[in-house]
Amino acid sequence: GQVVFILDIPTLVETNADEAHRNTDDASNLALELAELQDRTPIAMVVDDSITIRKASGNLLKRLGFEVSTARDGVEALAQLHEQKPDIILLDVEMPRMDGLEFLEAYMMDYPAEERAPVLVYSGKDLTEVQRDFLDKNVAGMVRKDDVSMDELSTIVKNIYQESTT
């Protein structure tokens, strides 16, 4: 038993070619990283305690071209944010363990504004004036589940996502 190293020459050449294209200039690196980000599939996170809503909105988001992650409540959503950064968050307000408002407060404390994904509150809950004021200042949009069709929700999500990428 001897150890024999096997070199994967095509991979080494490809890796070196990629690195050669990377300039030491920060602006060039930023432009390359931006191009790479634009080539990836955008990620949407659905945070709702209803499995029916998670599946229906998840399917809608997949048809719009998003990769979808789901969470049952704010606790699960915060844990997932450490693994994967979404490009948009669809958030229910009323959930067990950690509701949407508590999630939003924690999200805002943990991530600076420029690193946060736009949040669309999609809830059936009647909001108090204080809750509505808080959400008006801190989310990209709010819709009641009963007030919009899936087609309308699709348009709202597309608009919010497009605004966040320009």
Side-chain angles (χ1 to χ4, degrees), residues 22-50 53-54 56-145 147-148 150-166:
R22 292 223 185 254
N23 193 323
T24 54
D25 178 27
D26 286 339
S28 296
N29 285 341
L30 187 58
L32 277 171
E33 287 176 26
L34 204 64
E36 288 169 4
L37 277 176
Q38 289 171 342
D39 289 343
R40 74 170 176 76
T41 303
I43 300 165
M45 178 184 280
V46 178
V47 186
D48 199 303
D49 57 322
S50 164
I53 296 295
R54 286 195 311 269
S57 52
N59 287 337
L60 168 92
L61 291 162
K62 284 177 186 172
R63 284 194 305 273
L64 292 175
F66 288 92
E67 181 180 315
V68 177
S69 67
T70 61
R72 289 180 292 211
D73 58 35
V75 172
E76 225 175 78
L78 287 174
Q80 286 184 25
L81 287 172
H82 295 292
E83 304 296 319
Q84 189 175 53
K85 303 282 188 270
D87 297 292
I88 189 167
I89 299 173
L90 200 64
L91 180 66
D92 186 19
V93 172
E94 200 166 18
M95 296 177 288
R97 292 199 302 172
M98 178 185 277
D99 69 26
L101 298 169
E102 294 167 325
F103 163 81
L104 194 55
E105 288 175 337
Y107 184 47
M108 290 167 50
M109 281 181 33
D110 291 349
Y111 296 90
E114 62 275 3
E115 291 181 23
R116 291 194 299 258
V119 176
L120 172 61
V121 172
Y122 181 60
S123 182
K125 181 180 177 8
D126 289 324
L127 301 171
T128 66
E129 190 175 329
V130 171
Q131 291 171 327
R132 185 168 294 286
D133 288 344
F134 173 74
L135 292 173
D136 279 340
K137 293 175 186 161
N138 296 297
V139 299
M142 287 187 290
V143 290
R144 284 187 53 87
K145 288 177 182 173
D147 293 346
V148 295
M150 281 296 171
D151 285 340
E152 292 168 319
L153 180 62
S154 172
T155 301
I156 293 167
V157 167
K158 280 190 282 192
N159 290 340
I160 289 173
Y161 175 69
Q162 286 171 346
E163 284 176 23
S164 73
T165 58
T166 55

With rounding to the nearest 0.5 Å, note down the distance linking CZ in R116 to NZ in K85. 12.5 Å
Do L81 and L78 touch side chain to side chain, with heavy atoms closer than 4.5 Å? yes
Go through the structure and list residues passing side chain to side chain contact (heavy atoms under 4.5 Å, CB included) with V75, not counting sequence neighbours. D73, R97, M98
On a heavy-atom basis, the closest approach of V47 and G74 is CG1-N, 4.2 Å
Looking at R54, is its backbone amide N or carbonyl O close enough to the side chain of D48 to form a donor-acceptor pair, meaning the two atoms are under 3.5 Å apart? no
Which atom names give the shortest non-hydrogen contact between A71 and A77, and what distance separates them? CB-N, 3.5 Å
Test applied, side chain to side chain contact (heavy atoms under 4.5 Å, CB included); reference residue, M142; option that passes from L127, L91, I156, V119: L127
With rounding to the nearest 0.5 angstrom, report the CD to CD distance, E83 to Q80. 8.5 Å
Are there more than 12 heavy atoms of other residues, nucleotides or ligands under 6.0 Å from atom CD of E115? yes
From L60 atom CG to F66 atom CZ, the distance as rounded to the nearest 0.5 Å: 9.5 Å
Can we say K145 and D92 salt-bridge, meaning some charged N sits less than 4.0 Å from an Asp/Glu carboxylate O? yes
Close side-chain approach of Y122 to L153, heavy-atom, < 4.5 Å: yes
Residue list, ring pair (Phe, Tyr, Trp, His ring centres under 6.0 Å) with F103, at least two apart or on another chain: Y107
Side-chain heavy atoms of P42 within contact of I88, under 4.5 Å: no
Is D126 salt-bridged to R144, going by a charged N under 4.0 Å from an acidic O? yes
Side chains of N138 and L104: closer than 4.5 Å at any heavy-atom pair? yes
D99: partners by salt bridge (Lys or Arg N to Asp or Glu O under 4.0 Å), with sequence neighbours left out: none
What pair of heavy atoms forms the shortest contact from G65 to T41, and how long is it? O-CG2, 3.3 Å
Can you label the angle between the Y111 ring and the H82 ring as parallel, tilted or perpendicular, going by 30° and 60°? tilted
Would the number of heavy atoms belonging to other residues, nucleotides or ligands and lying under 6.0 Å from CD of E94 be above 12? no
Closest heavy-atom contact between A44 and L61? CB-CD1, 3.8 Å
Atom CZ of residue position R72 - does it have more than 12 heavy atoms of other residues, nucleotides or ligands inside 6.0 Å? no
Closest contact, heavy atoms only, D87 versus S164: O-OG, 4.4 Å
Looking at side-chain heavy atoms only, is the closest gap between S69 and Q84 below 4.5 Å? yes
Given side chains that start at C-beta, do those of V121 and V143 come closer than 4.5 Å, heavy atoms only? no
As an exercise, state the distance from OG1 of T155 to CE of M150, rounded to the nearest 0.5 Å. 12.5 Å
Side-chain contact, heavy-atom cut-off 4.5 Å: L101 with Q131? yes
Value for CD (E76) from CE (M95), rounded to nearest 0.5 Å, stands at 10.0 Å
Nearest 0.5 Å please: distance from the CD1 atom of I160 over to the CD1 atom of I89. 11.5 Å
